[in-house]
Amino acid sequence: MSTPRPDLAPGSGLSREEMEDLQREIASVAVFDDEFAFDPDALSNPLATTASTGDPPVVVGVDQSFLTNEDGDQDRALSAVLAMRGGEVVERVYAVTPLEIPYIPGLLSFREGGPILAALEELSVDPDLLLFDGSGRIHFRQAGIATHMGVVRDVPSIGVAKSLLCGTPRADTDDLPEGSTIAIESNSRVDAPDGTLVGYAVQTRQYDSPNQYINPLYVSSGHRVGPETAAEIVLELASSYKLPEPVRLADQYADEAKRELTE
DNA sequence: GCGACAG
DNA sequence: ATCTTGTCGC
């Protein structure tokens, strides 16, 4: 049985090497297998129940937008979290915090993790599952933002990225049929034995006939969710649009909240 | 040195 | 991520 690890939260004054060491530690305690009590096939079912509360499980989508300074510099991150239960939005909150470091591939959680944890603190409902815009195990040190946040809070989490950070698809991922998945395995850029299954390319939506293609999503385990289950959950939650509904709506809310503060 | 690089 | 209206195609 695992436990929250606030001691592994992204710090601000860390050197690059210290951040990478922390990621290796996070990966070592992360659980890349199913370890949760709800029914993954009924996340949008109003009648589903969770072992703990008796209500449908709470799925939370997380996304960020950025606020610019009077000089034109991005100086603050706005993290929006949106909670759904039984297919309905039950709560949405956001937090704004100063940006500490620039965007560096592989170190995303040290830029956006602080504001995300702050926003999650504002939530009154208890999340059963966290969905992130970004990678989980598909990461150089197997500790993308979904893994980092999932481990710190000890909540099951999934990474949903729109492009591939590292790893190699086991087959062509062009023009996949809707509902299909292609395994992503580790390559030399991933700190894992070559060929390790780290995630799936997931085609949630696709056009029927024309010469127009939709790219797949790259789904990976964050914490306490296995790769196959993660792919299944994303397919189930993305019945109307490419992105799973909690993430799509959090994305929308992050922009909406930004306008309120800007205009 | 060269290439790769979530948001 | 972000700057952003109209517009091509089903």
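Residue numbering restarts at 1 for every chain, and letters A, B, ... go by the order of the sequence lines.
- Taking every heavy atom of both residues into account, A/F32 and A/A27 meet most closely at CE1-O, 4.3 Å.
- Summarising the geometry, the separation between CG on A/L99 and C1' on B/dG7 is reported as 12 Å, rounded to the nearest angstrom.
- Base contact: A/I145 has a heavy atom under 4.0 Å from a base atom.
- A/D172 pairs with exactly one of A/D174, A/L176, A/D175 by the side-chain contact (heavy atoms from CB on, under 4.5 Å) rule, that one being A/D174.
- Atom CZ of A/F110 is separated from atom P of B/dC5 by 21 Å (rounded to the nearest Å).
- Without hydrogens or angle criteria, A/N187 side chain to A/R189 main chain gives a donor-acceptor distance under 3.5 Å.
- One can place CD1 of A/I214 at 12 Å from C1' of C/dC10, the figure rounded to the nearest angstrom.
- The CG atom of A/D63 sits 9 Å away from the C1' atom of B/dG7 (whole-angstrom rounding).
- Contact annotation: A/K162 does not reach the phosphate of B/dA6 (side-chain N/O to OP1 or OP2, under 4.0 Å).
- For B/dA6, the OP1/OP2 oxygens have a side-chain nitrogen or oxygen of A/Y103 closer than 4.0 Å.
- The pair A/R248-A/D251 does not meet the salt-bridge criterion, since no charged nitrogen lies less than 4.0 angstrom from a carboxylate oxygen.
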#### Entry: Verdict with supporting geometry, A/R111 and A/Q64, side chain to side chain contact (heavy atoms under 4.5 Å, CB included)
CA-CA 11 Å; A/R111 174 174 169 82; A/Q64 283 70 236; over 6 Å; no
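- Spacing between atom OH of A/Y253 and atom P of C/dA1 amounts to 19 Å, rounded to whole angstrom units.
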### Query
If you write DNA chain B from 5' to 3' in dot-bracket form, with Watson-Crick or G-U pairs under 3.5 Å, [ ] for crossing pairs and | for pairs with another strand, what do you get?
.......
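- Every residue two or more places apart in sequence or in another chain that forms a salt bridge (Lys or Arg N to Asp or Glu O under 4.0 Å) with A/D133 is listed here: A/K162.
- Rounding to whole angstrom units, CD of residue A/Q23 and C1' of B/dC5 are separated by 14 Å.
- Comparing B/dC5, B/dG7, B/dA6 by their nearest atom to the side chain of A/R189 picks out B/dC5.
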Look for any protein N or O under 3.5 Å of an N or O in nucleotides 2-5 of chain C and output each such pair with its distance, or none.
none

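- One can place CZ of A/R141 at 13 Å from P of B/dA6, the figure rounded to the nearest angstrom.
- Here A/G106 lies in heavy-atom contact (under 4.0 Å) with a base.
- Using a 4.0 Å heavy-atom cutoff across all strands shown, A/L78 reaches no nucleic acid atom at all.
- Around the CD atom of A/E17, the shell of radius 6.0 Å holds no more than 12 heavy atoms that belong to other residues, nucleotides or ligands.
- Between the P atom of B/dA6 and the NE2 atom of A/H139 lies a distance of 11 Å, rounded to the nearest Å.
- Between A/Q212 and A/D251, the residue anchored closer to the 5' end of DNA chain C is A/D251, taking for each the nucleotide with the nearest heavy atom.
- One finds no side-chain N or O of A/S163 lying less than 4.0 angstrom from the OP1 or OP2 phosphate oxygen of B/dC5.
- Considering every non-hydrogen atom in both A/V190 and A/C166, the closest pair reads CG2-SG, 3.7 Å.
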### Query
Yes or no on side chain to side chain contact (heavy atoms under 4.5 Å, CB included) for A/L120 and A/V155, after CA distance, side-chain angles and deciding distance?
CA-CA 11 Å; A/L120 289 174; A/V155 173; over 6 Å; no
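- Taking all atoms of both residues into account, the shortest heavy-atom contact from A/P40 to A/T229 is CB-CG2, 4.0 Å.
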